[in-house]
Enquirer: 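Could you have a look at this structure, given as structure tokens, before my questions?
A, B, ... follow the sequence lines: proteins, then strands. Residue 1 opens every chain. What you see is a predicted model, and the numbers here were worked out from it, not measured in a lab.
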Amino acid sequence: MTAVGEGTAGRLRWAVADALTVAGRDVAHWRRQPAGLLATLLFPVLLMVTFVYLLGGGIPVPGGSYRDFMVPGMLALVMLFGLEGTMTAVVTDTQRGVTDRFRALPMAPSAVVTGRCLADLAASVAGLAVVALAGLAVGWRPDPGPGLLGAAALLLLLRVGFLWVGIWLGLLTRDPALVTAVQVLVWPFAFLSNVFVPVSSMPAWLGTLAEWNPVAATVTAVRELTGVPVPDGGWATGHAALLAVAWPVLLTVVFAALAVRRWQGLSR
Amino acid sequence: MTAMQTAPAAAGVRDDDAVRVRGLVKRYGGRTVVDGLDLDVRRGEVFALLGPNGAGKTTTVEVLEGVRTRDGGEVTVLGEDPARAGRAWRDRTGVVGQTTGAGNALTVRETLDHFARYHATPVPTAELLADVALAESAGTRVSRLSGGQRRRLEVALGIQGRPELLFLDEPTTGMDPVARRSFWGLVRGLRAAGTTVLLTTHYLDEAAELADRVGVLAAGRLVEVAPPAELGADLRRVATVRWTEDGAVREVVTREPAAVLRDLLAAHPAGEVPGLTVTRPDLEEVYLSLVGATATPEGEPR
């Protein structure tokens, strides 16, 4: 009304400001209810400790160190689990009527989504840091150097891909039962990959399927970048770095388009 | 159909209307929910859209708010088409929605402070808290508010941007009588401050209490627009004369009860007409016949 620039620059400035405000709402919620965030951050650590100390001893891996094999997988799994967080947040906002309120407010329509992205990526950076630190504590020793930064970038890129899947799934329903269904279904999805075991230990056709899992591509790429011996595999393993970029880009393009359609459908 | 209160004078005067709708049509799938609706809301008035559930009230209001597309018709709200209006326009309208607040861990003050950031010139939070009588609950988490308090928080969020036009969709549904009364006081205060209010309700008493004009909506069309006291004026002219004759109740429905009475008195020169009553329909019966439900004197029409 007063200083609202209607030009492109003005709109962009508003879009950024609104996105930060929307993301700030999540941060305020985390401060008020830290239990949920803490559980999200610590659950992967528990899982990692379980595999490294309880189950991993029985899983032969190339190079011999299960913790070096497992920690990159766990980091990628945190990105997959983030999908549930995104979906839950979107469903909760719809249920509470916050989504409807946003649509009636003087705010950039893009901010609802970009704010969600900012908040979720921040949570994921925290999640990566916690697992990485815990990994170091249990004896994970990645090669220091720029490879680590590349690994972090690929992991967050994967998170962006899953973020859009989560937004689309969240907009599909206001039924919390679907959230539960997704929380269950991420497990077979996670196990059908190279996160916990080398794909060479699986039946050939399943191994190929696991190799092509978007999570597996990122895991292999992160293992390569952090100097962990990578088990032999097929084409997908050989071109893991390419797939670790291509998969998230594909997920983003497809599910962002679906999510935008769904969002516009809310006013139909 | 529409009330003939405005002089059919200059067309330019029309620009002063807060809301102007002509031939609004909205379909969900094959079902027509709003079917050629015409509506004018003047600046500064409280207008109530009254109708049974499923009459199209919420859909109509959502189209006016700019959160729902339409399939036909012209809509102008504060001089702009809500389907194309931008940020500045949204800052001139306020929406009081139906959020539940369940599980919302933020306090009332945090919530208001947060949503203030979307508005160009928000009402200061302290002032807003006083306006909706929530000052004492400022530090309470939204999830712990009572139903009535939550509705008041909703109103605070709706008026935070100093709107010229406020939409209230079934604002008192689920409120206890005390909360409703205090809510009505709040709406009167807004009106006194010059805010145009468009509210939907299925409570007749609420429309009669609050609105300058009431539009009765049935099956997606406005069937009548009038000040509450004049609603169904034509229907109210019909009276029912009842009396007992030979042990049976007789009944005549007429627009000229005096003539019927004269005949009756002439037929009973000796004195009293046994069981004589003359009744006119009350507001509720008028409303029910407007929306197409049959009002029966024996029982609750459903």
Side-chain angles (χ1 to χ4, degrees), chain A residues 1-8 10-37 88-89 91-112 115 119 174 176 263-268, chain B residues 26-29 58-59 61-71 82-83 85-107 109-111 113-122 141-143 150 154 157-158 160-164 166-167 169:
Chain A
M1 252 171 116
T2 48
V4 184
E6 287 290 337
T8 312
R11 275 207 295 275
L12 195 66
R13 205 166 53 239
W14 271 116
V16 172
D18 288 345
L20 288 172
T21 309
V22 171
R25 200 173 125 263
D26 282 69
V27 176
H29 262 106
W30 292 334
R31 282 221 313 267
R32 280 274 162 200
Q33 281 180 322
L37 183 64
T88 308
V91 170
T92 310
D93 276 354
T94 310
Q95 267 184 325
R96 286 184 188 155
V98 177
T99 308
D100 286 338
R101 168 161 300 288
F102 278 151
R103 293 199 300 136
L105 275 174
M107 64 188 279
S110 63
V112 182
R174 47 179 69 195
W263 176 261
Q264 288 166 343
L266 289 179
S267 50
R268 244 172 245 131
Chain B
K26 176 68 191 176
R27 297 183 200 92
Y28 293 129
T58 297
T59 300
V61 168
E62 284 177 344
V63 169
L64 301 184
E65 291 168 358
V67 300
R68 197 159 289 289
T69 58
R70 61 181 187 263
D71 295 312
R87 184 182 194 114
W89 178 85
R90 284 193 192 279
D91 222 3
R92 295 166 61 203
T93 59
V95 172
V96 175
Q98 303 269 12
T99 66
T100 66
N104 187 341
L106 301 188
T107 66
R109 183 182 284 112
E110 285 169 335
T111 303
D113 282 342
H114 171 78
F115 282 103
R117 309 179 75 160
Y118 300 107
H119 297 287
T121 52
R141 290 187 180 201
V142 174
S143 54
R150 214 167 273 171
E154 279 296 317
L157 291 170
Q160 191 166 32
R162 305 177 197 271
E164 295 163 42
L166 183 67
F167 297 102
D169 193 11

Enquirer: Nearest heavy-atom pair of B/Arg90 and A/Leu105: which atoms, and what distance?
Expert: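 Scanning both residues completely, I find the closest heavy atoms to be CD-O, 3.2 Å.
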Enquirer: Backbone N or O of B/Arg117 within a donor-acceptor pair of the A/Thr21 side chain at under 3.5 Å?
Expert: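 Pair absent, no side-chain N/O of A/Thr21 close to backbone of B/Arg117.
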Enquirer: In Å and rounded to the nearest 0.5 Å, what is the CZ to OG distance from A/Arg96 to B/Ser143?
Expert: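 The distance works out to 8.5 Å.
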Enquirer: Taking atom CZ of A/Arg101 and atom CG of B/Leu157, what is their separation to the nearest 0.5 Å?
Expert: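 The CG atom of B/Leu157 is 4.5 Å from CZ of A/Arg101, to the nearest 0.5 Å.
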Enquirer: With a 4.5 angstrom heavy-atom cut-off, is it the side chain or the backbone of B/Arg141 that approaches chain A, or both, or neither?
Expert: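 The side chain, not the backbone.
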Enquirer: Quick one: does B/Arg68's side chain have a donor or acceptor within less than 3.5 Å of a partner on A/Arg268's backbone?
Expert: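 Yes.
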Enquirer: Is it the side chain or the backbone of B/Tyr28 that comes within 4.5 Å of chain A heavy atoms, both, or neither?
Expert: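 When you check distances to chain A, only side chain atoms of B/Tyr28 fall under 4.5 Å.
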Enquirer: Would you compute the distance between atom CZ of A/Arg25 and atom CZ of B/Phe115 and round it to the nearest 0.5 angstrom?
Expert: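 It is 5.5 Å, given to the nearest 0.5 Å.
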Enquirer: Could you check if a side-chain atom of A/Val22 sits within less than 4.5 angstrom of a side-chain atom of B/Tyr118, using non-hydrogen atoms only?
Expert: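 Touching, per the 4.5 Å side-chain cut-off.
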Enquirer: Taking atom CZ of A/Arg31 as the centre, report whether more than 12 heavy atoms of other residues, nucleotides or ligands fall under 6.0 Å from it.
Expert: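 Atom CZ in A/Arg31 is not packed in, count stays at 12 or less.
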Enquirer: Looking only at heavy atoms, what is the nearest atom pair of A/Ser267 and B/Val67, with distance?
Expert: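 Heavy-atom minimum between the residues: CB-O, 3.0 Å.
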Enquirer: Are A/Asp18 and B/Arg87 close enough for a salt bridge, meaning some N to O gap below 4.0 Å?
Expert: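 So A/Asp18 pairs with B/Arg87 through a salt bridge.
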Enquirer: With chain A as the partner, which of B/Thr93, B/Thr69, B/Val63 has the greatest number of non-hydrogen pairs under 4.5 Å?
Expert: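 So the answer, after comparing B/Thr93, B/Thr69, B/Val63, is B/Thr69.
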Enquirer: Please lay out, stage by stage, how B/Thr107 and A/Arg32 fare under the test side chain to side chain contact (heavy atoms under 4.5 Å, CB included).
Expert: CA-CA 9 Å; B/Thr107 66; A/Arg32 280 274 162 200; 3.7 Å; yes
Enquirer: Rounded to the nearest 0.5 Å, what separation is found between the CG atom of B/Asn104 and the NE2 atom of A/His29?
Expert: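 Rounded to the nearest 0.5 Å, the CG-NE2 separation comes out at 4.0 Å.
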Enquirer: Could A/Arg103 and B/Glu65 be called an ion pair, given the rule that one side-chain N must be under 4.0 Å from one carboxylate O?
Expert: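 Judged by the 4.0 Å cut-off on N to carboxylate O distance, A/Arg103 and B/Glu65 do not form a salt bridge.
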